[in-house]
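Submitted below is the structure of interest, expressed as structure tokens.
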Amino acid sequence: MQEMTTVLATVIHDLFGADVKAELTRPEPQFGDYATNVALQLAGRVGKPPRGVAEQLVEKLREAYGERVSDITIAGPGFINIRLSDSALATAAEAAPTTPPQQFKGQVIVTEYSDPNPFKVLHAGHLYTSVVGDSISNVVEKAGGNVHRVNFGGDVGLHVGKTMWAILQELGGEHPEKLQDVPENGRSEWMAKCYVAGTKAYEDDETAKAEIIALNKRVYQLFADNDHESPFAHIYWTCRQWSYDYFNVFYKRIGTPFEKYYPESEVAPLGLQTVRDQQAKGVYEESNGAVVFDGEKYGLHTRVFINSQGLPTYEAKDVGVLMSKWRDYHFDRSIVITGNDIDEYMKVVLKSVEQYEPELARRTTHFTHGNVKLQGGVKMSSRKGNFLRAVDVLDAANEANRAATGRDDERAVLGAIKYAFLKQRIGADIIFDPKESVSLEGNSGPYLQYAHARARSVLVKGGTAAEHLAELDELERPLARKISEYPEVLEKSAREFMPHHICTYLYELAQIFNRFYEHAHVVGDPREAVRLKLVSLYADVLQDGLGLLGIAAPERM
RNA sequence: GCACCCGUAGCUCAGCUGGAUAGAGCGUUGGCUUGCGGAGCCAAAGGUCGUAGGUUCGAAUCCUGUCGGGUGUACCA
């Protein structure tokens with residue numbers, strides 16, 4: 001593909017010397033394997049009719065491509081359609097599962113996503129961003145990137161004050177020994193309940209609000225004093241650990257591992273210091289007792305980085321985590337994935353950092369995604385406590401799967417959820433339909449898992465596959481062509497950081513395979529060896545693609 | 001008010017660095033099964049791509065206005 005494009009570029013240059021971008025696209029199968037509209041673009045610049053330009057190009061292209069193409073034709077207003085020779089197509093298909101484009105080779109890429117807060121519960125959004133972030137990481141890794149998956153979370157901050165306040169109420173004061181009364185398997189729920197109670201108190205009760213603000217400050221002080229001994233410290237550290245245990249169990253369950261956590265407590269000092277230093281240089285300024293960045297100069301909001309208590313807000317901590325990642329990895333690219341409510345806020349943070357670390361800001365890309373909503377469900381609000389938790393999504397899918405298949409299958413359930421989340425372009429809200437997600441029919445994860453298992457079972461039944469594909473008949477050709485597209489899909493997914501292209505492709509691939517399989521016999525057919533090779537390539541691509549989505553591809557289901 | 005995201009078939013979504021009749025799945029209607037896993041295949045119905053302009057040989061795709069939904073707008077994250 002890459003080489004085909006280069007040849008086209010050379011021909012264009014030799015013939016017209018014009019600066020048109022040589023591009024080959026995948027047209028409808030009826031038109032050929034590749035197509036280009038460069039003749040249409042050139043026509044205007046050279047002042048000749050498109051078809052005339054196309055004719056000149058075709059003549060040269062036939063020569064330049066030689067054996068690799070079997071046919072080049074002109075269609076419509078001046079499209080050039082190229083049909084590969086069987087041998088060229090066979091070579092491309094054989095290479096497809098194992099030769100991903102390496103556009104990130106040698107680059108250090110840091111991906112940050114999920115970002116749950118200790119002392120709070122994991123909600124559906126965390127599940128979503130974990131799945132998306134993991135897949136993007138996989139895709140970049142496949143493209144040669146040296147990927148570091150990191151996770152940023154608030155172990156200090158007002159929400160901690162809120163939860164701690166309610167915890168102290170529950171314990172009847174600073175009595176860490178009473179934490180033993182909380183059952184081990186109910187810890188995260190107990191803390192989630194405390195957060196909701198603390199939030200309510202903060203909103204409804206002035207005295208409680210003042211206490212929470214004081215507790216927040218006290219938590220910061222724990223770190224300043226390195227206090228692990230006082231009763232208050234005991235409670236804090238124990239509950240903090242409970243949260244991290246809970247996160248780790250969760251990530252392990254869904255299969256999205258992280259290399260490193262950046263707790264806010266760790267990055268806050270650096271953030272605070274950076275903001276103070278840059279305040280001296282005029283980047284940030286004092287306003288009503290707080291330190292702010294005047295985003296309005298850039299058409300953005302003005303936001304508080306250090307509050308009037310002298311504590312860093314999320315903004316300063318984010319400066320801290322950006323600087324920490326920069327210090328730790330000196331990345332070529334940093335990808336941050338969050339919900340879209342963070343969008344404008346992050347623009348302010350990055351704009352401020354751009355003033356003193358322009359390279360860091362330039363190398364950082366922020367992607368935002370929408371909210372997860374249950375089909376026909378209600379909007380979630382983490383403050384009020386009526387929201388969709390991560391486990392709710394897992395439970396709903398598991399229940400739907402049990403209803404559909406009569407058994408529990410975590411691999412299928414996770415495959416269903418991940419695929420349902422990933423098949424959609426990142427950006428808009430996700431309407432999650434548990435029933436549809438676990439469906440074995442249609443565009444779903446389990447469907448693709450099944451498609452893979454089915455192909456593998458054919459391979460088990462069949463004899464020895466051919467080493468090479470050689471010539472292809474009209475049943476085999478469309479499948480070989482689709483398989484050969486795989487590297488191009490990976491390239492696009494990596495370039496755009498968009499895994500959904502892989503989903504779309506895999507589903508189309510499975511459809512084309514089913515069409516092939518419906519009409520062509522494999523085992524026992526005179527063409528068995530070649531067809532087995534094709535089935536094997538197909539299964540390899542499915543397995544590889546599902547792997548990039550973080551979805552298991554079992555041999556049997 | 002201002003800013004950001006989103007408006008494509010009944011529902012859920014692809015397609016958006018402009019290009020050939022706007023594609024899938026679900027749902028609806030009809031057909032195929034002595035099958036290598038039919039969890040499939042073949043076919044039909046269903047769309048003024050929110051809307052009005054503009055740029056272009058060509059616009060779902062780019063620009064502007066407008067309508068609708070969501071989010072954000074200083075000491076939460």
Side-chain angles (χ1 to χ4, degrees), chain A residues 21 23 25 27-28 30-31 35 37 40-41 43-44 50 75-79 81 115 117 120 153-154 157-159 161-162 199 202 216 264 287-293 295 299-309 311 313-315 317-318 338-345 347-348 368-371 375 379 382-383 404-405 420 423-425 427-433 435-436 439-444 446-447 449-451 453-462 496 500-501 503-504 507-508 510-511 513-515 517-525 528 531-532 535 556-557:
Chain A
K21 195 173 156 214
E23 202 172 40
T25 57
E28 302 276 311
Q30 48 176 318
F31 294 124
N37 62 14
L40 294 166
Q41 297 181 53
F79 293 101
N81 293 322
D115 296 353
N117 286 324
K120 289 176 74 173
L158 197 61
H159 65 282
K162 290 173 181 173
T199 302
Y202 184 85
N216 179 28
E264 288 186 3
S287 173
N288 299 327
V291 179
V292 306
F293 178 74
L300 303 168
H301 299 140
T302 290
R303 302 208 52 124
V304 171
F305 282 63
I306 302 174
N307 70 19
S308 45
Q309 307 267 313
L311 295 178
T313 60
Y314 193 43
E315 286 80 344
K317 296 175 203 163
D318 229 315
T338 71
N340 50 23
D341 51 335
I342 304 295
D343 193 34
E344 288 167 272
Y345 148 86
K347 282 199 176 97
V348 177
T368 63
H369 61 253
N371 295 319
Q375 175 76 296
K379 195 189 153 322
S382 93
R383 305 242 177 127
T405 66
K423 73 177 176 180
Q424 205 170 121
R425 185 181 197 90
D429 289 349
I430 298 273
I431 312 293
F432 180 68
D433 183 341
K435 200 167 155 216
E436 188 181 286
S439 171
L440 304 160
E441 292 159 24
N443 193 359
S444 76
Y447 169 89
Q449 289 176 313
Y450 176 80
R454 188 188 186 203
R456 290 289 177 208
S457 89
V458 173
L459 293 171
V460 169
K461 284 230 165 70
E496 297 180 4
H500 76 286
H501 288 123
C503 296
T504 305
Y507 185 64
E508 287 170 0
Q511 280 182 310
F513 176 80
N514 282 332
R515 215 161 289 154
Y517 191 70
E518 187 75 17
H519 300 105
H521 271 266
V522 178
V523 178
D525 191 271
E528 171 172 337
R531 287 180 178 176
L532 282 173
V535 173
R556 271 187 295 278
M557 286 183 76

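Order of the sequence lines sets the chain letters (A, B, ...), proteins ahead of strands, with each chain counted from 1.
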Full working for side chain to side chain contact (heavy atoms under 4.5 Å, CB included) between A:Thr25 and A:Phe79:
CA-CA 11 Å; A:Thr25 57; A:Phe79 293 101; over 6 Å; no
When you compare the ring of A:Tyr507 with the six-membered ring of B:A24's base, are the centres less than 5.5 Å apart and the planes under 30° from each other?
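Answer is no, no stack.
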From the list B:G37, B:A24, B:A20, which nucleotide is the closest neighbour of the side chain of A:Gln511?
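Looking only at heavy atoms from C-beta outward on A:Gln511, the closest nucleotide is B:A24.
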Which part of the nucleic acid, if any, lies within reach of A:Ala520 when heavy atoms closer than 4.0 Å are counted: base, sugar-phosphate only, or nothing?
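It contacts base atoms.
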Could you tell me whether the side chain of A:His369 and the main chain of A:Thr338 form a donor-acceptor pair under 3.5 Å?
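Yes; at least one donor-acceptor contact below 3.5 Å.
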Map A:Ile430 and A:His519 onto RNA chain B by nearest heavy atom, then report which one ends up closer to the 5' terminus.
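Result: A:Ile430.
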When you get a sec, tell me which of B:A77, B:C75, B:C13 is the closest nucleotide to the side chain of A:Ala290?
B:C75
Say you pick atom C1' in B:A24 and the same atom in B:C49; how far apart are they, in whole Å?
16 Å
Should A:Lys317 be listed as having a side-chain N or O under 4.0 Å from OP1 or OP2 of B:A77?
yes
Aromatic-base stack, A:His159 on B:C76, cutoff 5.5 Å, angle under 30
no
With rounding to whole Å, what would you report as the distance between B:G7 and B:G47 at their C1' atoms?
14 Å
Could you tell me whether A:Arg303 and A:Glu344 make a salt bridge, using a distance below 4.0 angstrom between a side-chain N and a carboxylate O?
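Between A:Glu344 and A:Arg303 there is no salt bridge, as every charged N stays at least 4.0 Å from the carboxylate O atoms.
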Can you tell me how far P of B:G37 sits from OH of A:Tyr517, to the nearest Å?
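Checked: the OH to P distance equals 5 Å.
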Just compare B:G37, B:C4, B:C75 and give me whichever is closest to any side-chain atom of A:Glu344.
B:C4
Name the nucleic acid region contacted by A:Leu158, choosing base, sugar-phosphate or nothing; use a 4.0 angstrom heavy-atom cut-off, strictly under.
sugar-phosphate
Can you tell me how far C1' of B:A3 sits from CG of A:Asn340, to the nearest Å?
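Going from CG in A:Asn340 over to C1' in B:A3 covers 14 Å.
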Quick check for you: among B:U17, B:C4, B:A74, whose closest atom lies nearest to any side-chain atom of A:Glu23?
B:U17
Mind checking A:Pro446 for me? I need base, sugar-phosphate or nothing, with any heavy atom below 4.0 Å counting as a touch.
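The residue A:Pro446 makes no contact with any strand.
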Within the modelled atom types, does a donor on one side and an acceptor on the other bring the side chain of A:His301 and the base of B:G72 under 3.5 Å apart?
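Answer is yes: a donor-acceptor pair is held.
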Rounded to whole angstroms, how far apart are CD on A:Gln30 and P on B:U21?
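For the pair A:Gln30 CD and B:U21 P, the rounded distance is 10 Å.
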Nearest to the side chain of A:Ala35, which nucleotide is it out of B:A39, B:U17, B:A20?
B:A20
Has the side chain of A:Ser287 got a donor or acceptor atom sitting under 3.5 Å from an opposite partner on the base of B:A74?
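In this structure, the two groups form a donor-acceptor pair.
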Mind checking if A:Ala43 touches a base, just sugar-phosphate, or nothing, with heavy atoms under 4.0 Å?
nothing
Which nucleotide, B:A39, B:A77, B:G19, lies nearest any side-chain atom of A:Asn117?
B:A77
Shortest non-hydrogen contact between A:Val348 and A:His301, atoms and distance:
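Taking every non-hydrogen atom into account, CG2-O, 3.5 Å.
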Which heavy atom of A:Leu440 sits nearest to which heavy atom of A:Pro446, and what is that distance?
CD2-CB, 3.9 Å
Could you tell me how far apart A:Asn514 (CG) and B:G35 (P) are, to the nearest whole angstrom?
18 Å
Looking only at non-hydrogen atoms, find the nearest pair between A:Ala510 and A:Tyr447 and report the distance.
CB-CE2, 3.8 Å
Taking only side-chain N and O atoms of A:Lys461, does any of them lie within less than 4.0 angstrom of OP1 or OP2 on B:G37?
yes
Check whether the side chain of A:Glu496 and the base of B:U17 form a donor-acceptor pair under 3.5 Å.
no
Using a cut-off of strictly less than 4.0 Å, decide whether A:Ser457 has a side-chain nitrogen or oxygen near OP1 or OP2 of B:G37.
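Checking B:G37 against A:Ser457, a side-chain N or O does come within under 4.0 Å of OP1 or OP2.
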Counting side-chain heavy atoms from CB outward, which of B:G15, B:C75, B:G19 is closest to A:Gln41?
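In terms of side-chain proximity for A:Gln41, the closest of B:G15, B:C75, B:G19 is B:G19.
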May I ask you to say what A:Arg515 touches in the nucleic acid, namely base, sugar-phosphate or nothing, with a heavy-atom cut-off under 4.0 Å?
sugar-phosphate
Interatomic distance at C1', B:G19 relative to B:G65, whole Å
27 Å
Between P on B:C13 and NE2 on A:His500, what's the gap in Å once rounded to a whole number?
13 Å
Checking contacts here: which listed nucleotide (B:C42, B:G19, B:C6) is nearest the side-chain heavy atoms of A:Asn37?
B:G19
Can you tell me how far C1' of B:G72 sits from CD of A:Glu315, to the nearest Å?
12 Å
Ignoring the backbone of A:Asn288, work out which of B:C75, B:A77, B:A39 is nearest its side chain.
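When the side chain of A:Asn288 is considered, B:C75 is the closest of B:C75, B:A77, B:A39.
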Check the orientation of A:Phe293 and A:Phe305. Use parallel for under 30°, tilted for 30 to 60°, and perpendicular for over 60°.
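Because their plane-to-plane angle is over 60°, the rings of A:Phe293 and A:Phe305 count as perpendicular.
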With sugar-phosphate meaning primed atoms plus P, OP1 and OP2, does A:Asp525 contact a base, only sugar-phosphate, or nothing at under 4.0 Å between heavy atoms?
nothing
If you take all heavy atoms of A:Asn216 and A:Leu158, which pair is closest and at what distance?
OD1-N, 3.7 Å
Give one of base, sugar-phosphate or nothing for A:Asn216, where a contact means two heavy atoms less than 4.0 Å apart.
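It contacts nothing in the nucleic acid.
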When the P atoms of B:A52 and B:C57 are compared, how many Å lie between them, rounded to an integer?
23 Å
Round to a whole Å and report the spacing from CD1 of A:Ile431 to P of B:U12.
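Value for this atom pair: 7 Å.
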Of the candidate nucleotides B:A77, B:C4, B:G40, which contains the atom at the shortest distance from the side chain of A:Ile342?
B:A77
When the distance from CZ of A:Arg425 to P of B:G23 is rounded to whole Å, what number comes out?
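Interatomic distance, CZ of A:Arg425 to P of B:G23: 19 Å.
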Sub-3.5 Å donor-acceptor pair from the side chain of A:Asn371 to the main-chain atoms of A:Asp429, do we have one?
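Flag not set: sc A:Asn371 to bb A:Asp429 has no pair under 3.5 Å.
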Counting any heavy atom closer than 4.0 Å, what does A:Gly76 reach on the DNA or RNA strands: base, sugar-phosphate only, or nothing?
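If one applies the 4.0 Å heavy-atom cut-off, A:Gly76 turns out to touch nothing in the nucleic acid.
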Assign each of A:Phe31 and A:Leu440 the nucleotide of RNA chain B bearing its closest heavy atom; nearer the 5' end lies the nucleotide of A:Phe31
Tell me whether A:Tyr447 and B:A39 count as stacked here, given that the ring centres must be under 5.5 Å apart and the planes must differ by less than 30 degrees.
no
